[in-house]
Undergrad: 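Here it is, the structure, as structure tokens.
Within every chain, numbering begins at 1; the chains are lettered A, B, ... in the order of the sequence lines, protein sequences first and strands thereafter.
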Amino acid sequence: MINIKLKDGSKLEIQEGMTILDVAKKISEGLARVATCGEVNGEVKDLRYEIKEDCELVIDTFDSNLNGKKAYWHTTSHIMAQAVRRLFPDAKFAIGPSIDEGFYYDFDVEKPFSDEDKAKIEEEMKKIIKEDLPIERFSLSKDEALKLMEGQPYKQELIEELPEGEEISFYKQGDFTDLCAGPHLMSTGKIKAIKILTSSGAYWRGSEKNKMLQRIYAISFPKASQLQEHLDFLEEVKQRDHRKIGKDLEIFMTHKLVGSGLPMYLPNGATIRRILERYIQDKEISLGYEHVYTPSLANVDLYKTSGHWDHYKEDMFPVMKMDNEEMVLRPMNCPHHMLIYKNKMHSYRDLPIRIGELAHDFRYESSGSVCGLERVRQMCQNDAHLFVRPDQIKEEVGKVLNLIVEVYQKDFGFPESAFQYRLSLRDKNNKEKYIDNDEMWETAESQLREILKELNIDFYEAEGEAAFYGPKIDIQIKTALNHDVTIPTCQLDFALPERFELEYIGEDGKAHRPVVIHRAILGSSDRFISFLLEETKGMLPLWIAPVQVKILPITDNQHQYSYDLKEKFVAEGIRVEVDDRNEKTGYKIREAQLQKIPYMLIVGEKEVETNTLSVRSREGGDLGTRRIDEFLEEIKKKIENKK
RNA sequence: GCUUUUAUAGCUCAGUUGGUAGAGUGCCACCUUGGUAAGGUGGAGGUCACGGGUUCAAUUCCCGUUAAAAGCCCCA
């Protein structure tokens with residue numbers, strides 16, 4: 001049963017079995033306001049859920065803020081805080097919100113939590129659950145609240161920042177009271193299966209200038225089986241980590257002698273990269289792009305001219321001083337492409353001009369954020385700069401978005417759920433991070449928004465995610481490690497054309513300033529491959545698989561037949577290997593299967609006699625006997641169709 | 001960069017309360033010539049990441065460096 005007390009004091013009782021959506025329909029006004037305003041400003045005064053053990057926990061059909069999971073996890077976070085209070089009486093409490101999967105709580109304690117500490121906390125939490133303490137809500141004035149939180153500097157800091165005159169809510173369970181906006185369950189006994197997952201340091205209020213607190217991540221469920229399912233899921237996700245797949249399938253390696261964030265592509269990985277890079281360049285050529293090569297090393301003045309130096313020099317590799325020159329490894333390619341544009345005079349008729357390059361860039365990513373192929377210190381960007389007239393912005397951005405859809409959805413067939421479109425805006429409260437030109441920002445941001453809407457693309461907006469020179473449309477994915485990263489991006493830039501004084505001659509015979517669109521479709525080859533590995537779990541699509549076909553002779557009587565076959569396939573451009581080792585067929589199949597090779601061709605006496613093949617696929621097992629030509633045509637067609 | 005943790009054979013990992021190490025797998029050889037996910041026997045692989053310190057003695061304890069993992073910060 002769900003109890004909802006409205007501001008006027010009346011109570012609304014909801015029948016068991018109703019979803020939160022039903023509830024929302026019933027009193028949609030009130031609930032909707034709670035969803036956006038929290039409990040204080042909305043009409044709904046106090047929203048608390050009671051979740052029956054056998055009740056469906058997921059109620060995210062309506063709004064994540066009204067999610068039953070969140071109330072459940074948030075309640076568990078208070079239980080964790082209470083357990084920490086009991087075991088570590090000197091601990092100072094920061095915040096303990098629910099997150100997408102579970103919750104965390106930040107504590108200021110003498111020493112980081114050890115594994116034993118965490119086990120003890122978990123035990124204590126179970127005790128608190130058993131005590132089934134009722135959870136009470138009450139409100140105080142600011143002064144009273146500050147007094148109650150005596151000795152809790154973080155809580156007091158939070159209270160100080162609340163608007164004057166507002167009543168401040170607390171939740172109390174037994175001997176523990178916490179500043180909290182709710183909502184919560186009715187009592188601690190409603191929580192069933194709990195698990196502390198990890199702990200680590202986290203800065204107070206997310207700023208490295210502040211003290212580092214100790215954060216404990218945990219999760220809870222109404223049923224032990226749900227907890228087990230979740231733990232199994234986490235384990236499964238680990239198996240999908242591109243670093244593991246990359247090692248297992250011999251795609252890339254790293255070596256400490258080379259350095260952190262500097263992966264080396266093994267032959268399999270190099271094949272994947274070559275195919276991807278040729279693919280995207282061919283695609284670009286068909287769309288009117290022109291490719292260039294520019295150096296990875298440049299005079300530091302180039303970046304002073306572009307403005308990158310002021311904004312990002314800490315993230316660049318340090319300057320190399322030569323006789324009279326100061327050189328840097330480039331962190332991006334925009335300045336080079338600006339100069340290429342400037343190399344000659346352009347007519348308005350020439351635009352758009354699309355300059356592309358598979359370019360190596362170097363960024364001094366902090367050691368803690370380097371990660372496999374996902375975050376590296378040298379990467380290969382699938383970069384391009386489109387020089388357009390202001391009246392061409394919409395069409396060109398539209399074309400870029402269409403290209404993204406064609407690549408990701410049509411050719412690769414990634415599910416739409418794999419990525420999200422993000423309109424990345426500047427942070428209006430932190431303007432010094434961005435080029436100073438309010439009008440430009442307003443125009444550019446609304447133009448991008450319009451294009452997204454016109455193309456009917458679902459997107460969300462994120463302030464503070466823009467580039468310093470302009471807003472972007474980023475395509476965000478969630479990695480196996482739950483990192484939120486950008487792969488394709490499309491950025492509007494009114495600033496660099498100004499900086500480099502780019503011009504074209506308009507119909508009126510006068511000089512005009514073009515607009516630049518920065519875009520990357522694969523993002524970087526490196527990050528794209530990490531995504532591809534995780535998304536496919538290593539089952540690379542046939543057209544990309546480093547080895548597409550493996551021929552497995554049963555005995556050495558079939559070796560010559562196998563070599564002849566190989567030649568035939570190679571002549572057709574198929575990547576093929578013969579496993580002529582002295583091993584049994586089952587063994588060879590197992591190995592090819594673990595390498596996730598799309599097709600295994602088993603050839604024994606029977607096949608040699610009839611001039612055929614016995615085909616096995618990594619997904620479907622034995623596909624039966626085929627004629628050679630027939631099979632060749634079949635896979636050639638599949639490669640052509642991609643996906 | 002910060003907090004914590006970790007580093008033993010090509011890979012996955014045991015182990016040593018301080019006396020220089022082991023399994024599985026892979027690799028090599030031999031036997032086995034086999035039909036859709038692991039045939040048998042034997043062998044070769046390790047200054048226990050690197051540099052210091054403590055100690056009669058360090059792979060083990062301490063400090064530092066490098067690299068990796070989780071989270072935080074950052075991400076043009």
Undergrad: Could you tell me whether the side chains of A:T271 and A:N268 share a donor-acceptor contact shorter than 3.5 Å?
TA: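 Looking only at side-chain atoms, A:N268 and A:T271 do not form any donor-acceptor pair under 3.5 Å.
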Undergrad: Expressed in whole Å, how much space separates the P atoms belonging to B:G19 and B:C48?
TA: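 So the two P atoms sit 14 Å from each other.
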Undergrad: Would you be so kind as to tabulate the donor-acceptor pairs closer than 3.5 Å made by side chains of residues 524-532 of chain A, with sequence neighbours excluded?
TA:
{"unit_1": "A:S524", "atom_1": "OG", "unit_2": "A:R527", "atom_2": "N", "d": "3.0"}
{"unit_1": "A:S525", "atom_1": "OG", "unit_2": "A:E277", "atom_2": "OE2", "d": "2.7"}
{"unit_1": "A:D526", "atom_1": "OD1", "unit_2": "A:Y265", "atom_2": "OH", "d": "2.6"}
{"unit_1": "A:D526", "atom_1": "OD2", "unit_2": "A:C380", "atom_2": "N", "d": "2.9"}
{"unit_1": "A:R527", "atom_1": "NE", "unit_2": "A:E374", "atom_2": "O", "d": "2.9"}
{"unit_1": "A:R527", "atom_1": "NH1", "unit_2": "A:T486", "atom_2": "O", "d": "2.9"}
{"unit_1": "A:R527", "atom_1": "NH2", "unit_2": "A:E374", "atom_2": "O", "d": "3.1"}
{"unit_1": "A:S530", "atom_1": "OG", "unit_2": "A:R527", "atom_2": "O", "d": "2.7"}

Undergrad: According to the Watson-Crick and G-U wobble definitions, with both distances under 3.5 Å, which nucleotide is paired to B:C27?
TA: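 Base-paired to B:G43.
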Undergrad: Thinking salt bridges, do A:K92 and A:E157 make one under a 4.0 Å N-O criterion?
TA: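 A:E157 and A:K92: not salt-bridged.
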Undergrad: Are A:Y599 and A:F631 an aromatic pair by the rule of ring centers under 6.0 Å?
TA: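 Yes - the distance between ring centres of A:Y599 and A:F631 falls below the 6.0 Å cut-off.
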Undergrad: Do A:E357 and A:N333 have side-chain N/O donor and acceptor atoms under 3.5 Å apart?
TA: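 Result is no, nothing qualifies.
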Undergrad: Stacking between A:Y587 and the base of B:A38 (centre distance under 5.5 Å, interplanar angle under 30°)?
TA: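 No; centroid distance or tilt outside limits.
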Undergrad: For the side chain of A:Y203, counting heavy atoms from C-beta on, which of B:C72, B:C27, B:A76 is nearest?
TA: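 Ranking B:C72, B:C27, B:A76 by closest atom to the A:Y203 side chain puts B:C72 first.
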Undergrad: Among side-chain atoms of A:D580 and A:H559, is any donor-acceptor pair under 3.5 angstrom?
TA: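 Side chains of A:D580 and A:H559: no pair found under 3.5 Å.
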Undergrad: What's the closest nucleotide to the A:A202 side chain, out of B:C72, B:G34, B:U3?
TA: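 Of the candidates, B:C72 comes closest.
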Undergrad: Please measure how far the C1' atom in B:G51 lies from the corresponding atom in B:A7, and state the result in whole Å.
TA: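 Straight-line distance between the two C1' atoms is 15 Å.
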Undergrad: Look at all strands and tell whether A:Q491 reaches a base, only sugar-phosphate, or nothing, counting heavy atoms closer than 4.0 Å.
TA: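 Touches sugar-phosphate only.
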Undergrad: So which nucleotide from B:U33, B:C73, B:C74 ends up closest to the side chain of A:E365?
TA: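 Closest nucleotide to the A:E365 side chain: B:C74.
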Undergrad: For B:C62 and B:G71, measure between their C1' atoms and round to the nearest Å.
TA: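 Nearest-Å result for B:C62 against B:G71 at atom C1': 27 Å.
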Undergrad: Among B:C75, B:G1, B:A76, which is the nearest nucleotide to the side chain of A:S366?
TA: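 Output: B:G1.
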Undergrad: Which nucleotide wins on minimum distance to the side chain of A:I554, given the candidates B:U3, B:G34, B:A76?
TA: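 Minimum distance to the A:I554 side chain belongs to B:G34.
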Undergrad: Can you tell me which residue among A:R616, A:R618, A:K550, A:K588 is in a side-chain hydrogen bond (donor to acceptor under 3.5 Å, both in side chains) with A:Q593?
TA: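 For A:Q593, the side-chain hydrogen bond (donor to acceptor under 3.5 Å, both in side chains) check succeeds only for A:R616.
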Undergrad: Looking only at the side chains, is there a donor atom on one of A:S424 and A:R422 sitting less than 3.5 Å from an acceptor on the other?
TA: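 Checked: A:S424/A:R422 side chains pair up, N/O donor to acceptor below 3.5 Å.
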Undergrad: Expressed in whole Å, how much space separates the C1' atoms belonging to B:C73 and B:U17?
TA: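 It works out to 41 Å between them.
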Undergrad: Quick check: on RNA chain B, is the nucleotide nearest A:G621 upstream (toward 5') of the one nearest A:A466, or the reverse? Name the residue that is more 5'.
TA: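 The residue closer to the strand's 5' end, by nearest nucleotide, is A:G621.
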Undergrad: Could you work out the separation of B:U5 and B:C61 based on their P atoms and round it to a whole Å?
TA: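 B:U5 and B:C61 have their P atoms separated by 13 Å.
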Undergrad: What does nucleotides 64-70 of chain B look like as a protein-contact string, B for base, S for sugar-phosphate only, - for none, at under 4.0 angstrom between heavy atoms?
TA: --SSSSB
Undergrad: For nucleotides B:G26 and B:G45, find the distance between their C1' atoms and express it as a whole number of Å.
TA: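 My reading of the C1' atoms in B:G26 and B:G45 gives 11 Å.
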Undergrad: Taking any strand in view, what nucleotide pairs with B:U66 in a Watson-Crick or G-U wobble way, both distances under 3.5 Å?
TA: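 Matched B:U66 with B:A7 under the 3.5 Å cut-off.
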Undergrad: Base, sugar-phosphate, or nothing: which does A:Y217 touch, judged by heavy atoms less than 4.0 Å apart?
TA: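 Touches sugar-phosphate only.
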Undergrad: Work out how far the P atom of B:C27 is from that of B:U55, and round it to whole angstrom.
TA: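 Per the computed distance, 48 Å lies between those P atoms.
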Undergrad: Out of B:C73, B:G39, B:A76, which has the shortest distance to the side chain of A:E583?
TA: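 Nearest listed nucleotide: B:G39.
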Undergrad: Hey, does A:K433 reach any base, or is it just sugar-phosphate, or nothing, if we go heavy atoms under 4.0 Å?
TA: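 If one applies the 4.0 Å heavy-atom cut-off, A:K433 turns out to touch the sugar-phosphate alone, with no base involved.
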Undergrad: For B:A68 and B:A49, measure between their C1' atoms and round to the nearest Å.
TA: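 About 11 Å, rounded to a whole number of Å.
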Undergrad: Select base, sugar-phosphate, or nothing to describe what A:D248 touches, counting heavy atoms under 4.0 Å on all strands.
TA: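 Nothing, no nucleic acid heavy atom in range.
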